[in-house]
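Read the structure below first, then the notes.
As a basis for the values below, the full set of heavy atoms in this structure was taken, side chains included, without hydrogen atoms, waters or symmetry mates.
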Amino acid sequence: MSKKQKKVIIRIAVSAVLLITFGITEHFIELKWYVALPMFLIPYLIAGYDVLWKAVRNIAHGQVFDENFLMAIATIGALGTQQFDEAVFVMLFYQVGEFFQSAAVAKSRKSISDLMDICPDYANIEKDGEIIQVDPEEVNIDDIIIIKPGEKIPLDGVIIDGTTSINTVALTGESLPKDADVGDTVTSGCVNMSGLIRVRVTSEFGESTVTKILELIEESSSNKAASEDFITRFAKYYTPTVVISAVVLALLPPIILGGGFTTWLTRALTFLVISCPCALVISIPLTFFGGIGGASKKGILVKGSCYLEELAKCEIAVFDKTGTLTEGSFEVTAVHPNKYDEDKMLEYCVLAEGFSDHPIAKSVKKYYGKEIDFSRINAAQEIPGHGIKADIEGHTVLAGNGRLMENFGVEYHECHKIGTILHMAVDGVYAGHIVISDKIKTGSENMIRTLKTLGCKTVMLTGDKDNIGKAVAAKLGIDEVHTQLLPADKVNIVEKLFSEKSEKGRLLFSGDGINDAPVLSRADVGIAMGGIGSDASIEAADIVIMDDDISKIGTAMGISKRTLKIVKQNIVFALGIKILFLILGAFGIANMWMAVFADVGVSVIAILNAMRALKVK
């Protein structure tokens, strides 16, 4: 607990002890009102001096109708009608409710502040053989920084010396360390676990991952959900209404029905205590804050509670293929020789592609995994849109698509497997082909299944060939697929899909590339893959998955639906109990003690229920 919370606990305890002591005394000894009043004022002021001060201060600033005003009027009125113990008890339990609220908010904020701890304090650079610490903002692109074991990585960069393991839990929620070697990228905000590494900086501090994350967190509080706006508007009109109703209740019945004012004044004061909208005003924002905090623990950054609420209403989920549902990196998935030695065919293919930087060439070289003897290559010619023709130790080697084979009169056959097919020919004879595919991401299939369970229609958009796109969609169980699309085509498809959802339904789009930014902006909810996603897509998105784990889209939707469910529970529960007790109070059935439990009890239950949003399975 904070010092402030400890002081509140002490005040509550002291006030409670004095109330019990004075209550027992009054029970056995009949005290005059002028003796009892100053006696009960002691625990009353200990418990509620700050409430009275806030009420006066807010009135001075033109903010009259709030819970402090209601508590002050109700308890002062109770003192005026000689209900001394009730007045102290109301103030005491109001502070108990405030303490629960404070503890709940502190716990929710901790999940966010833990993430804020990723901000680095310094960066190490080497000058004249010595390591000195500088402000990360002073480091430029291409500068070399040194990161010792146990230190936070201050800036995004590439390792140029050393090996280590990286703790990424603050960014991704992934507890297992990630191994990193020379050539690997490292992200600011993570922690260097084991070895000393030298890193070449690739982005300035203002453009680094950690800075962007902190900016997203800071902006999230300003993007309120419709439920939060409703409660704000509701409280604005509700509080003046109940105050006027309490005044009418105190004055009108005695005038019309006759009798003493004291009974109706007591009922009016009870009515005021019951009417406090604390449970709604506190629990609704707290629930959304808890949902955002719970999501951040899983490496899911939500830019505002409004997006959490929108996500819960999604009826159509649209996905880009490459880099979102698939890895976005090509790999050799099959080698099919045609009356030719497989190893020799692969060797010739690697030599033919030896000087190429094309992704297909890179994937073949990676699969081969051996050193390339470039001296064996006499000549190599890249034929755009077809492939490569090479002279390797006097042999004419062709590596490319079917059009290349046809141009050189080589008889070939297509492959039954789905993917990019690299055909091979040596000295005019067909040697076979290599299948290169973009692997489906681990978790994609489960995620699609989860969304379908939650009632979402799934759609895939891709610029890839029709057969490849349809094969991926079929394997994942996606409902609808559109292939061979340009960026503008994706926007058009999304526009058509908007007409298919209900009026209250929402459309989700998830992508990672810069060409996805227009669609991310157009969708009701845009989700970007933060690890490999482009800056443009992360900026345009409403929710960012920090570690590219596609299955977390299902997790995010589960969190959003659970959060909205808790919000609705609190609204129905709080309003239902309030209305019931307001009626009971107006007819004199509910007394001041019951009013306290109706106000503080409902608040505490609603707050405890809101806290469940923090817990994510």
- What one should report as the nearest heavy-atom pair of Phe40 and Gly23 is CZ-N, 4.1 Å

- Any side-chain heavy-atom pair from Ile12 and Ile46 closer than 4.5 angstrom? no

- Query: Would you say Phe498 and Leu507 make side-chain contact, with heavy atoms under 4.5 Å?
  - Reply: yes

- Query: Can you check whether Gly443's main-chain N or O pairs, donor with acceptor, with Ser551's side chain at less than 3.5 Å?
  - Reply: no

- Query: Considering residues at least two apart in sequence or located in another chain, which fulfil the salt bridge (charged side-chain N to carboxylate O under 4.0 Å, His left out) criterion with Glu495?
  - Reply: Arg522

- What are the two closest non-hydrogen atoms of Leu37 and Phe84, and how far apart are they? CD1-CE2, 3.6 Å

- Query: Is there a side-chain contact between Trp264 and Leu249 (heavy atoms, below 4.5 Å)?
  - Reply: yes

- Is the shortest heavy-atom distance from the side chain of Leu251 to the side chain of Phe261 under 4.5 Å? yes

- Message: Please determine whether side-chain contact (heavy atoms from CB on, under 4.5 Å) holds for the pair Ile553 and Ile550, giving the CA-CA distance in whole Å, both sets of side-chain angles, and the decisive distance to 0.1 Å.
- Response: CA-CA 6 Å; Ile553 291 178; Ile550 190 72; 3.6 Å; yes

- Would you confirm whether Thr287, through its side chain, and Ile566, through its main-chain N or O, come within 3.5 Å as a donor-acceptor pair? no

- Message: Rounded at 0.5 Å granularity, tell me how far CG in Leu575 sits from CG in Asn570.
- Response: 10.5 Å

- Work out which heavy atom in Ala268 is nearest to a heavy atom in Ala246; give both atom names and the distance. CB-O, 3.2 Å

- Roughly how far apart are Ile448 CD1 and Thr458 OG1, rounded to 0.5 Å? 5.0 Å

- Task: Kindly compute the distance separating CG (Asp542) from SG (Cys306), expressed to the nearest 0.5 Å.
- Result: 7.5 Å

- Supply the atom-to-atom distance Thr262 OG1 to Gln82 CD, rounded to the nearest 0.5 angstrom. 9.0 Å

- Message: Less than 4.5 Å apart, side chain to side chain, heavy atoms only: is that true for Cys314 and Cys456?
- Response: yes

- Item | Electrostatic pair Asp524-Lys313, nearest N-O below 4.0 angstrom | no

- Query: So, do Ile76 and Leu52 sit near enough that their side-chain heavy atoms are less than 4.5 Å apart?
  - Reply: yes

- Item | Verdict with reasoning, Glu500 to Lys457, per side-chain contact (heavy atoms from CB on, under 4.5 Å) | CA-CA 10 Å; Glu500 296 182 17; Lys457 175 184 176 180; 2.6 Å; yes

- Item | SB check Glu315 Arg506 (cutoff 4.0 Å) | no

- Task: Indicate the atoms forming the closest heavy-atom contact of Gly554 with Thr450, along with that distance.
- Result: CA-CG2, 4.2 Å

- Message: Quick check for you: to the nearest 0.5 Å, what is the distance between Ile316 atom CD1 and Ser502 atom OG?
- Response: 9.0 Å

- Counting N and O atoms only, with roles assigned by atom type, does the side chain of Asn609 sit under 3.5 Å from a partner on the main chain of Ile605, one being a donor and the other an acceptor? no

- Query: With Val248, which residues qualify under side-chain contact (heavy atoms from CB on, under 4.5 Å), at least two apart?
  - Reply: Ile244, Leu252

- Are Ser560 and Thr563 side-chain neighbours, meaning at least one heavy-atom pair lies under 4.5 Å? no

- Item | Ionic contact status for Lys452 with Asp479, cut-off 4.0 Å | yes

- Please report the shortest heavy-atom distance between Val302 and Ile292, naming the atom on each side. O-CG2, 4.2 Å

- Message: Once side-chain hydrogen bond (donor to acceptor under 3.5 Å, both in side chains) is applied, what residue pairs with a partner in residues 38-52 remain, sequence neighbours excluded?
- Response: Arg11-Asp50, Tyr44-Thr75, Asp50-Gln95

- Task: Mind running salt bridge (charged side-chain N to carboxylate O under 4.0 Å, His left out) on Lys490 and Asp320 for me, showing each step along the way?
- Result: CA-CA 9 Å; Lys490 292 182 180 181; Asp320 175 56; 2.8 Å; yes

- Message: Taking the side chain as everything from C-beta on, heavy atoms only, tell me whether Leu564 gets closer than 4.5 Å to Phe288.
- Response: yes

- Query: Once you round to the nearest 0.5 Å, how far does CG of Leu308 lie from CZ of Arg562?
  - Reply: 11.5 Å

- Working for side-chain contact (heavy atoms from CB on, under 4.5 Å), residues Ile300 and Thr555: CA-CA 9 Å; Ile300 304 165; Thr555 304; 4.2 Å; yes

- Task: Mind running side-chain contact (heavy atoms from CB on, under 4.5 Å) on Met447 and Leu451 for me, showing each step along the way?
- Result: CA-CA 6 Å; Met447 183 270 298; Leu451 293 186; 3.5 Å; yes

- Query: Can you name the closest pair of heavy atoms from Leu18 and Pro43 and give their distance?
  - Reply: CB-CB, 3.9 Å

